[in-house]
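One structure below.
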Amino acid sequence: MAAEKEQISVKLPDGSVKTLPAGSTGADLANAISPSLAKAAVGTVINGKLSDLYAKISDGDEVRILTTKDPLSLELLRHSSAHVMAQAVQRLYPQAKIAMGPTTEDGFYYDFEIPNYKLVPEDLEKIEEEMKKICQSGQKLVRYVIPDVDKQISEFKEQGEKFKAELLEEHRNARPTLYLMQDKEGKTIWNDLCKGPHLPSTDLIKAFKLRKLSGAYWRADEEKEQLQRVYATSFWTQKDLDDYLYRIAEAEKRDHRRLSKQLDLFSLHEETGPGLVFWHPNLAAVRGVIEDFWRDEHRKRNYQFVYTPHVVSEELFAISGHLENYGENMFAPMDIDGQNYRVKPMNCPGHIMIYKSKPHSYRDLPIRLAELGTVYRYERSGTLHGMLRVRAFTQDDTHIFCTPEQLEGEILGVLDLTKVLMSAFGYTYKAYLSTRPEKYIGTIEQWDKVTNDLKSALEKVGLAYDIEEGGGTFYAPKIDIKLFDAIGREWQCPTIQVDMNLPERFDITYIGEDGNRHRTVMIHRAILGSLERFCGGLIEHYAGAFPLWLAPTQLMIIPIAERHHEKAHELEKKLRELTFRVKMDDRSETINYRIREAQQDQIPYMLVIGDKEMSSDSVAVRHRRQGDLGIMPIDQFIDRIKDEVAKRTPDKTSK
RNA sequence: GCCGGUGUAGCUCAGUGGUAGAGCAACGGUUUUGUAAACCGUAGGUCGCGGGUUCAAAUCCCAUCACCGGCUCCA
């Protein structure tokens, strides 16, 4: 064995090389670079791996010193915060056993089993108080490689920490580590089985908030122990935490359920059953505009519209395999003349019946069948959520039947349509390509061909995508597209799947150039997805302020006094004949009051008519965001809004 | 489905064992208004539903329904 080097050299992010004594840690490196860096350092990234500040560095490592400026450092902060929380909970509830406590996208949680006690929201404050004490006491977090795993397991078992014992058993061959939390004297007061990494000390944790309680199962398995989960988050500064909480509050203000009450958009009723949406006139108007737009864009691309029954014999879903594979998500059968019928959970089998109703030549293809088809799915009661997760919804479903040679071109067409539709609503998006999973049907060659076609189409349109290896369903590779809304939240909406299953099950074919029968290729695609979900998402995206082309009421006419009513009615009639959605507020309320109300109803334009306007055939225009735009001739205003609607102009928010 | 929380007037909420309240909305009247709330008055509730405890229940207990948060992010 070669003698240990006395000096090691490490590479820094700027490319420079630093030489240090062997056995140095990230902290030593930080010290060697500059005292201010040493002070700000909270961890390291060694060869791309997030590590402790006190992790030993080896010769040739690439090392980056992590400070609180680096977003990656939040990972350390939150992971350590989770340990502080777990310790606090065990201090307050000594019978509590700890399970897992990972970080999440914007915080962390920890799962506990607390015999004979159920945490209530008031307890969160107590736990926060206890956490403050732990943080202020400046406990050290020390990595400790377990020398004798069996001994540690029995120790966990003695302490009743059965979850930790189970986890350690599982990781026994992976150099398992504990993180010890030590007081100023170096005495260990708490430990947790954890692979780390962690902050060096708890006094770095200064701003945290316990947010909510929930239930969770050990290892997410309903058969296993029910645990109590505490969700929390932490940030380096109180300001960052406050900003985060503010953003949460802002997002809550956009909640489509809340806005629905304000703007009279939709309702759900206990009497009619959960997860079933009633569209009120306002939101129905928005949906109508979207559907018209959707139809126009599909016509341009030579799609054909169809309608299929909502209730059909169960036989159809036996052939499609839905009964077998999707049965638990379907509504129960109903007996019609001794035969089981079902409400449809999907539109595809119906579209296949149309395709199958006659033989097809390759010359007929591609055939693109489109339907705004309402489907019914049984969703577990706890998962229902406003319009976003419901039990009956209308999908903008289309099925493209084509030859293998046409596949790539069809995908290109769908991606193009996606771009047109999504950009109209001001969404940006990103694609995810899901490839063959472990359990699949068909041949590897088929999968490879189809997956390559998808890939190639994505590349041709220049759409950035991530690959989700093995993420496809058993019958199809797919492209999923995630939208980013106005406040940066992600929404899964468009999806394109190339089905290897149904064409076989229904034995759909076409006659090729060679006179032989060939298997038809079938693409499922939804762009808006569920209209319920899409419209729910739009409400939040626009915070209830739909742009002019979508707004339920586009124009509100406000006559100043009774002598202006007649003129106002004339204008209302004129605008309505031009198919604008217009209302008039001729109540005997003050102008201020009526403006305020129209403004709160998010009506894009308010048209005030008084003496000045009467005499000049003009209107005083107020925009809900830009305020008073002054008086303009009526015809000029009409041109303006016609143009805005035609271009689907997003709302200017310059005020 | 499971865990925790919530359910009072159309909406937002107060009321925690002793005669159901407020603001806004609605309705009636006065006011005829120039760019985000005029004034006065009236009406509106089996306190989610069902059972129980009690002299007495919105309030305590049980059951049930609906809604809200969560149940994927791996020692």
Side-chain angles (χ1 to χ4, degrees), chain A residues 79 82-83 98-109 111 118-124 146 152 156 161 163-172 174-179 191-196 211-231 252 255 257-258 260-262 264 267-275 328 378-386 556 558-565 586-601 606-613 620-624 627-631:
Chain A
H79 203 167
H83 281 214
I98 55 179
M100 281 193 216
T103 57
T104 62
E105 207 171 296
D106 49 10
F108 60 92
Y109 66 79
D111 288 343
K118 277 173 183 163
L119 292 171
V120 294
E122 293 74 58
D123 293 332
L124 296 183
I146 299 169
Q152 186 62 48
F156 277 143
E161 296 287 3
F163 305 111
K164 290 293 163 189
E166 187 181 322
L167 290 169
L168 180 51
E169 185 60 54
E170 217 167 284
H171 293 276
R172 63 182 310 138
R175 282 178 61 79
T177 51
L178 296 181
Y179 270 77
N191 75 70
D192 190 358
L193 176 71
C194 180
K195 72 176 171 190
R211 300 202 52 236
K212 49 201 169 195
L213 291 166
S214 87
Y217 298 98
W218 172 234
R219 321 223 92 177
D221 183 343
E222 297 183 13
E223 306 290 311
K224 300 211 163 103
E225 289 90 338
Q226 172 86 45
L227 306 172
Q228 302 188 56
R229 176 171 297 180
V230 183
Y231 280 92
E252 274 167 18
D255 190 303
R257 295 163 301 188
R258 174 198 184 104
S260 170
K261 278 185 182 159
Q262 260 171 43
D264 194 13
S267 56
L268 300 155
H269 304 271
E270 199 166 335
E271 305 89 301
T272 56
E328 31 182 79
Y378 174 76
E379 297 280 356
R380 299 205 295 179
S381 61
T383 62
L384 300 174
H385 182 95
M556 177 64 83
I558 303 174
I560 293 202
E562 263 168 22
R563 63 182 178 281
H564 311 120
H565 283 194
D586 58 3
R587 293 175 301 173
S588 76
E589 299 287 353
T590 59
I591 292 297
N592 279 341
Y593 183 86
R594 286 178 284 163
I595 294 262
R596 175 185 152 87
E597 206 158 85
Q599 193 81 46
Q600 285 180 331
D601 288 344
M606 287 145 271
L607 307 176
V608 178
I609 295 190
D611 292 334
K612 280 179 273 179
E613 293 77 16
V621 179
R622 180 189 167 92
H623 184 269
R624 66 181 165 200
D628 193 349
L629 301 178
I631 295 175

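Lettering of chains follows the sequences in order, A, B, ..., and the numbering in each one begins at 1.
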Touch class at under 4.0 angstrom, heavy-atom based, for [X] against every strand present:
{"X": "A:K612", "value": "base"}
{"X": "A:L168", "value": "nothing"}
{"X": "A:E613", "value": "base"}
{"X": "A:K195", "value": "base"}
{"X": "A:H385", "value": "sugar-phosphate"}
{"X": "A:A99", "value": "nothing"}
{"X": "A:G630", "value": "nothing"}
{"X": "A:R380", "value": "base"}
{"X": "A:R257", "value": "sugar-phosphate"}
{"X": "A:T383", "value": "base"}
{"X": "A:P274", "value": "sugar-phosphate"}

Measure from the side-chain heavy atoms of [X] and tell me the nearest of [options].
{"X": "A:T104", "options": "B:U33, B:G69, B:C73", "value": "B:C73"}
{"X": "A:Q226", "options": "B:U12, B:C3, B:C74", "value": "B:C3"}
{"X": "A:P176", "options": "B:A75, B:G34, B:G69", "value": "B:A75"}
{"X": "A:K261", "options": "B:G34, B:U12, B:A26", "value": "B:U12"}
{"X": "A:A561", "options": "B:U32, B:U72, B:C71", "value": "B:U32"}
{"X": "A:V608", "options": "B:C71, B:U35, B:U32", "value": "B:U35"}

Using 4.0 Å as the upper bound for N to carboxylate O, is an ion pair formed by [Y] and [X]?
{"X": "A:R229", "Y": "A:D111", "result": "yes"}
{"X": "A:E597", "Y": "A:R587", "result": "yes"}
{"X": "A:D601", "Y": "A:R624", "result": "no"}
{"X": "A:K224", "Y": "A:D221", "result": "yes"}

- request: Find which nucleotide of RNA chain B each of A:I631 and A:E597 is nearest to by heavy atoms, and output the residue with the more 5' nucleotide.
  value: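 The residue mapped nearer the 5' terminus is A:E597.
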message: If you assign each of A:L268 and A:E170 to its closest nucleotide in RNA chain B, which residue comes earlier from the 5' end?
response: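 Comparing both residues, the 5'-ward one is A:L268.
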So does [X] get a side-chain nitrogen or oxygen closer than 4.0 Å to the phosphate oxygens (OP1/OP2) of [N]?
{"X": "A:Y231", "N": "B:C71", "value": "yes"}
{"X": "A:R624", "N": "B:A36", "value": "no"}
{"X": "A:Y109", "N": "B:C73", "value": "yes"}

Looking only at atom [atom1], what distance separates [N] and [M], rounded to whole Å?
{"N": "B:U42", "M": "B:G1", "atom1": "C1'", "result": "49 Å"}
{"N": "B:A25", "M": "B:A58", "atom1": "C1'", "result": "24 Å"}
{"N": "B:U59", "M": "B:A36", "atom1": "P", "result": "46 Å"}
{"N": "B:C73", "M": "B:C61", "atom1": "P", "result": "35 Å"}
{"N": "B:C24", "M": "B:C40", "atom1": "P", "result": "10 Å"}
{"N": "B:G48", "M": "B:U8", "atom1": "P", "result": "6 Å"}
{"N": "B:G41", "M": "B:U46", "atom1": "P", "result": "26 Å"}
{"N": "B:G15", "M": "B:C74", "atom1": "C1'", "result": "47 Å"}

message: Is the shortest side-chain heavy-atom distance between A:L607 and A:I558 below 4.5 Å?
response: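 SC-SC contact between A:L607 and A:I558 ruled out.
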- prompt: Heavy-atom distance under 4.5 Å between the side chains of A:F163 and A:L227, does that happen here?
  reply: yes
- request: Check ring pair (Phe, Tyr, Trp, His ring centres under 6.0 Å) between A:Y593 and all other residues, then give those that pass, not counting sequence neighbours.
  value: none
message: Which residues pass the ring pair (Phe, Tyr, Trp, His ring centres under 6.0 Å) test with A:F156, not counting sequence neighbours?
response: none
query: Using a distance-only test with no angle check, is there a side-chain donor-acceptor pair under 3.5 angstrom linking A:D586 and A:H564?
result: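 The answer is no; no qualifying pair exists.
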- request: Give a yes-or-no answer on whether the side chains of A:H385 and A:T383 include a donor-acceptor pair shorter than 3.5 Å.
  value: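 No donor-acceptor contact under 3.5 Å links the two side chains.
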Write down the partner of [N] under the Watson-Crick or G-U wobble criteria, each distance required to be under 3.5 Å.
{"N": "B:C67", "result": "B:G5"}
{"N": "B:U72", "result": "none"}
{"N": "B:U33", "result": "none"}
{"N": "B:U42", "result": "B:A26"}

- line: Nucleotide by nucleotide, nucleotides 37-48 of chain B touches protein heavy atoms under 4.0 Å in the pattern (B base, S sugar-phosphate only, - none) BB----------
- prompt: Has the side chain of A:E252 got a donor or acceptor that lies under 3.5 Å from a partner of the other kind on the base of B:G69?
  reply: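 Such a pair does not exist between side chain and base.
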- request: Measure from CD on A:Q228 to P on B:C3 and round the result to the nearest Å.
  value: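 Distance check: A:Q228 CD to B:C3 P gives 11 Å.
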query: In whole Å, what is the span from the CD1 atom of A:I560 to the C1' atom of B:U35?
result: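 Taking CD1 of A:I560 and C1' of B:U35, I get 9 Å after rounding.
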